[in-house]
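Protein chains get the first letters and strands the later ones, always in sequence-line order, with residue 1 at the start of each.
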There are 2 protein chains.
Amino acid sequence: MKSVTRSLRILEAVARHQPVTVGELTKLFGLPKSTVQRTLVTLNEAGWLRANRRDTTRWEIGARVLAVRPAALQGSSLFAAAREPMIRLRDRVNETIHLSVPDALHSMVVVDRVDCDHPVRTFHTIGDTSPLHATATGHAILAHLPRREVDEFATGTFEGYGEDTITDAEELRTELQRVRERGYAVNHNQYLQGICAIAAPVLDGDGVPLAAVAVSLPDSRFEPGRLAELGRLVTETAAEITARHLR
Amino acid sequence: MKSVTRSLRILEAVARHQPVTVGELTKLFGLPKSTVQRTLVTLNEAGWLRANRRDTTRWEIGARVLAVRPAALQGSSLFAAAREPMIRLRDRVNETIHLSVPDALHSMVVVDRVDCDHPVRTFHTIGDTSPLHATATGHAILAHLPRREVDEFATGTFEGYGEDTITDAEELRTELQRVRERGYAVNHNQYLQGICAIAAPVLDGDGVPLAAVAVSLPDSRFEPGRLAELGRLVTETAAEITARHLR
DNA sequence: CATGGCGTTCCACAATACGGCATGAAGGGG
DNA sequence: CCCCTTCATGCCGTATTGTGGAACGCCATG
């Protein structure tokens, strides 16, 4: 279904570049103007796009999309349960806090964020994705997946993003064992350079990992001496979210 | 573009009923199974859907959609700015707090929510829509729109949802004048029966209304004597969000 | 007044999505 | 144990539907 795939790509492009004009999108995709235009009108009629208030030839995402939420966040549950513990954690450590959920395609997606007030801080937008095998949140999830699923995932080697990335399946498995023992996962420059994160999983009633909370901070502020305390706080926060979510 | 429109409808249906099977969707739409199936596969390939973890014949929304956010919430700005003041407001009044933004088609969409802990409380999910002319948040927005736009909107009569709904355009205009004078809007059973709300607008630098914060409570707990104080608190909260958002 | 860039509309063609049907797998009842 | 239903999924000829080049109208600029 070519037209559907293309429409969704265009929708995503509008989201990234909003408010955006027809012409900008045609340059972006190299498609005929009429094709892009027709797609935009269709998306608008369906209620997913709307014209910008100030410049009606620019398009932006309508609020309608908010009714379409990932299963992991359905109802209020997880999202609402996580918010206040995350804020409290931020107040304790004054670093950026993320909530991420696993998605298909071996990636984690940032679902919520609470900022710290340092002038220099890590930056991920809601919706950003990162690889399961090279992030603290990913490891926190993997560590609590059934053995079978991990084996399915961890075969051969993974993509590397720097010299610290774990690219070997066997190495990943031993790291996951450490994560289980400590209760939290740590990432030193495995994915993005200059960024560290400490993460712990949020589980459902059956022990299935639903999401992970992470403290994320620039390398420059990371002190090994703080690790144990940060780990403990993140783990407690994750446990509190789990408890609230089940209630 | 029939296939695009249909795919979006199916996507919305999946969001409402997830995790859902092909068969359930065919019943819902009265379409041939193969058509629905093909659509689901396409949406999945585009990364918008994924198979449920436990039952792989059930479909649910993938986390990809989170990267597609309404213009009103772009970046972190409004959404992040609103969160903490909303929580503080909830702590003060112990009632449910909503943040809503106007959408095309004369409706307000709930963008965020902070719950109170009363056993009986109002319930709106993120993404829920309600009519501009019959809600406190809608009035808060309309009251700060340029005269020209209000005139365009307020022509003839509006749909009524009960005996308290303002259905006359002229009557709405005088109500909006009162809202401007008081600084906040009040809704007594105008839309949903048994629910009251008090709302104030969040403005951008040019005075354009971007969103509205509301305290929402069941009729049974509403005391006229509290109104002035609730109104003041909501107005202060909206002003604080505005200030944080501009910063 | 000419020009270029823009968003928008039109239309004949052919690529593409449609949907009836067939298949295969899974569960339930006799 | 086998039949029978129910379900998800794959196939394929047909005609519906989306395609994209071209033309239009609008606006700002030289």
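Atom CH2 in B:W59 sits about 10 Å away from atom C1' in D:dA8, given to the nearest Å. Rounded to a whole Å, the NZ atom of B:K2 is 9 Å from the P atom of D:dT16. Rounded to whole Å, the distance from CD on B:E45 to C1' on D:dT9 is 14 Å. Distance, B:M1 CE to C:dA15 P: 19 Å, rounded to whole Å. What separates CG of A:L40 from P of C:dC6 is a distance of 15 Å, to the nearest Å. In this structure, the CZ atom of B:R58 is 17 Å from the P atom of D:dT6, given to the nearest Å. Whole-Å rounding puts the B:Q37 CD to C:dT23 C1' distance at 13 Å. D:dC7 atom P lies 13 Å from atom CG of B:D55, rounded to whole Å.
Under the salt bridge (Lys or Arg N to Asp or Glu O under 4.0 Å) criterion, the residue pairs touching residues 14-36 of chain A are A:E24-A:R58, with sequence neighbours excluded. Pairs passing the salt bridge (Lys or Arg N to Asp or Glu O under 4.0 Å) check and including a residue from residues 129-145 of chain A, sequence neighbours excluded, do not occur.
If A:T56 and A:S3 are placed on DNA chain C by their nearest nucleotide, the residue sitting closer to the 5' end is A:T56. Along DNA chain D, the nucleotide nearest to B:T21 and the one nearest to B:R38 differ in position, and the one closer to the 5' end is contacted by B:T21.
Between the side chain of B:D103 and the backbone N or O of A:A63, at least one donor-acceptor pair lies under 3.5 Å.
Donor-acceptor pairing under 3.5 Å, judged by distance alone, is present between the side chain of A:S34 and the base of D:dG21.
Listed nucleotides: C:dT8, D:dA8, D:dG20. Nearest to the side chain of A:K33: C:dT8. Candidate nucleotides D:dG20, C:dT9, D:dT9 were compared by shortest atom distance to the side chain of A:T35, and D:dG20 ranks first.
Between B:F153 and B:H106, the ring planes lie perpendicular to each other; the angle is over 60°, past the 30° to 60° tilted range.
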